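What's counted below: heavy atoms across the whole structure, side chains too, no hydrogens, waters or symmetry copies. The structure presented is a predicted model; accordingly, all values stated were derived computationally and were not measured.
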Protein chains: 2
Amino acid sequence: MDETPARPASPIGLTYVVAASQILGLAVITVMAAWIGQYRGGVAWDSSQLLFNVHPLCMVIGMVFLQGDALLVYRVFRNESKRSTKILHGLIHFFALIIALVGLIAVFQHHKNQGFPDMYSLHSWCGIIAFGFYLAQWLFGFYIFLFPGASFSVRSRYKPQHVFIGAFLLILSIATALLGILEQLLFKIKDTYNLFVSEGILANTLGLLIIAFGAVVGYILTREEWRRPPLAEELALSMDFKNLTEEGSPTSTH
Amino acid sequence: MDETPARPASPIGLTYVVAASQILGLAVITVMAAWIGQYRGGVAWDSSQLLFNVHPLCMVIGMVFLQGDALLVYRVFRNESKRSTKILHGLIHFFALIIALVGLIAVFQHHKNQGFPDMYSLHSWCGIIAFGFYLAQWLFGFYIFLFPGASFSVRSRYKPQHVFIGAFLLILSIATALLGILEQLLFKIKDTYNLFVSEGILANTLGLLIIAFGAVVGYILTREEWRRPPLAEELALSMDFKNLTEEGSPTSTH
């Protein structure tokens, strides 16, 4: 009825499910901190034993919680400009990368202090692949979508790949976290794990919480009605672009 | 030009990527068989040691390869009737369930023979959740989509949930397989795993192959242009239904 229609509010269901994802994410960090504090002596950079504990804490904050939250910004900030939302998305991923890097340095330094070999386990293989691709995805994403930014046509062709790789990396990071939890349990409490000791139950529960966080984030991202609707000006722009390209090239079959 | 237009062929890209998924899936089974055969004494139901090996082999065939392939049928059989494709989808999941059940019986029987406790590890927790939900999803899916089959309106509301849970269960099954591989390595070769022995490298490679299989299946399923196009008669039917429901109920916000 009006020239500048009011932007629709977020769907109510979305608000509740996003709240659930944040409660789960904070529960993951809290339970990880509780495991480290209660059973593993806490965290300290200058103790060769406690240095290790920096690793799981940082990885779960960076590669699970923040990585997941960065994917949600387009659903949560529905009425901000695309560019602000994009910058926030890149910024959260940047913090995730820095925190994960600290976690990585901690574990390599711990191995060095103790004379342990690096990179032999399935956990380490998955983790280094996840981190390496995550860094590459960030750099590519920054270059193509933010600065200097590629042409519309390159962006729109790269975007589905960026989204797919992003989802894959969150899933791989979660799987790597689960592998890390199990590995740590079998290193530290191998003889009592099968007696259902409380440390084992706590760490298993942590694993399930991480899975639940990933599942809720995945649900938010895949629900069609919860996609960010394009703002009026973006719609006009993309229609112009669509007409331009459809006139320029015939539709291809794949 | 014609009343019954020729159905479009599968996109060429799809054919190659489906072929890649099948090569990866068969590689997963082959490498698992090689690990068991070469390093773990092979498979036998009547040996209390070798009975265990039935478990990983069956789980990888059922919960990884067949479960993944069942999701691909709508992309691969694009020009068959929806009903035939649905029956094939249900049938492959049924075989997957039966094979996984054999694998489950094998591990519980092995634990019983050896006096090992059940269900204490993160691998077992994830696995039982994956199998339980997989069975429930199959039963619900059969009841709602095949026999007796729910109303159009219930089906179309349940379908996105069915698809989301299906994707989640394949991912959870893959994560569980990775946990199983790592657990087995830390049980059997804990002291030499960090020396990069060939068994460790083979089993880690198996883990990466499973991840690659999942990634390729996920890529096929999420690529928008590769969705199964509705057949002409399905389109007519769903348009009728759409008109019917849109007249009947106002659009809701979530």
Side-chain angles (χ1 to χ4, degrees), chain A residues 8-16 116-126 129 160-161 163-165 167-168 171-172 174-183 185-187 190 193-197 200-201 203-208 211 214-215 218-219 222-226 252-254, chain B residues 8-15 17 116-126 129 160-161 163-165 167-168 171-172 174-183 185-187 190 193-197 200-201 203-208 211 214-215 218-219 222-226 252-254:
Chain A
S10 287
I12 289 187
L14 174 61
T15 310
Y16 286 122
F116 294 159
D118 295 313
M119 298 301 313
Y120 64 88
S121 78
L122 183 55
H123 166 70
S124 64
W125 287 25
C126 291
I129 291 171
Q161 323 297 330
V163 168
F164 175 76
I165 294 169
F168 172 72
I171 295 168
L172 182 59
I174 287 176
T176 305
L178 302 179
L179 288 170
I181 292 171
L182 182 66
E183 187 175 281
L185 288 169
L186 291 176
F187 283 158
K190 197 184 175 195
Y193 191 22
N194 63 17
L195 302 174
F196 294 87
V197 291
I201 291 176
N204 286 359
T205 306
L206 173 60
L208 297 190
I211 292 170
Y219 185 75
T222 52
R223 188 141 174 183
E224 206 59 45
E225 319 88 276
W226 289 351
S252 80
T253 44
H254 75 279
Chain B
S10 286
I12 288 186
L14 174 60
T15 309
V17 182
F116 293 159
D118 294 313
M119 298 301 312
Y120 64 87
S121 79
L122 183 56
H123 166 70
S124 64
W125 287 25
C126 291
I129 292 172
Q161 321 299 330
V163 168
F164 175 76
I165 295 169
F168 171 72
I171 294 168
L172 182 58
I174 287 175
T176 306
L178 301 179
L179 288 170
I181 291 171
L182 183 65
E183 187 175 283
L185 288 168
L186 291 176
F187 284 158
K190 197 184 175 194
Y193 191 22
N194 64 16
L195 302 174
F196 293 87
V197 290
I201 291 176
N204 287 358
T205 306
L206 173 60
L208 298 190
I211 293 170
Y219 186 75
T222 53
R223 188 141 176 183
E224 205 59 45
E225 318 88 275
W226 289 351
S252 79
T253 44
H254 75 280

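- Of the inter-residue distances, the one linking B:Leu122 atom CG with A:Ile201 atom CD1 reads 12.5 Å to the nearest 0.5 angstrom.
- Contacts between A:Leu179 and chain B at a heavy-atom distance below 4.5 Å involve backbone atoms as well as side-chain atoms.
- No part of B:Glu224 comes within reach of chain A, as not one of its non-hydrogen atoms sits under 4.5 angstrom from that chain.
- Using a 4.5 Å cut-off between heavy atoms, B:Phe116 makes no contact with chain A at all.
- In this structure, the portion of B:Pro117 lying under 4.5 Å from any heavy atom of chain A is its side chain and not its backbone.
- Contact of B:Leu172 with chain A is made through the side chain alone, with heavy-atom distances under 4.5 Å.
- A donor-acceptor contact shorter than 3.5 Å is absent between the side chain of A:Asn194 and the backbone of B:Tyr120.
- The shortest side-chain heavy-atom distance between B:Ile129 and A:Leu208 falls under the 4.5 Å cut-off.
- With a threshold of 4.5 angstrom between heavy atoms, B:Ile181 approaches chain A through side-chain atoms but not through N, CA, C or O.
- Considering CD1 of B:Ile211 and SG of A:Cys126, their distance stands at 3.5 Å, rounded to 0.5 Å.
- For A:Phe168, the part lying near chain B is the side chain, with the backbone staying farther off; criterion is any non-hydrogen pair under 4.5 Å.
- Atoms CE and CG, from B:Met119 and A:Asn204 in turn, are 9.5 Å apart once rounded to the nearest 0.5 Å.
- Here the straight-line distance linking atom NE2 of A:His123 with atom CG of B:Leu182 works out to 9.0 Å at 0.5 Å rounding.
- Between chain A and the residues B:Ala215, B:Ala203, B:Ser121, the most heavy-atom pairs under 4.5 angstrom are made by B:Ser121.
- In terms of heavy atoms, A:Asp118 sits closest to B:Phe196 at O-CZ, 3.2 Å.
- Residue B:Thr176: no heavy atom, backbone or side chain, is found under 4.5 Å from chain A.
- B:Ile171 touches chain A through its side chain: at least one heavy atom from C-beta onward sits under 4.5 Å away, while N, CA, C and O do not.
- The environment of A:Tyr16 atom OH is sparse: at most 12 non-hydrogen atoms of other residues, nucleotides or ligands sit within 6.0 angstrom.
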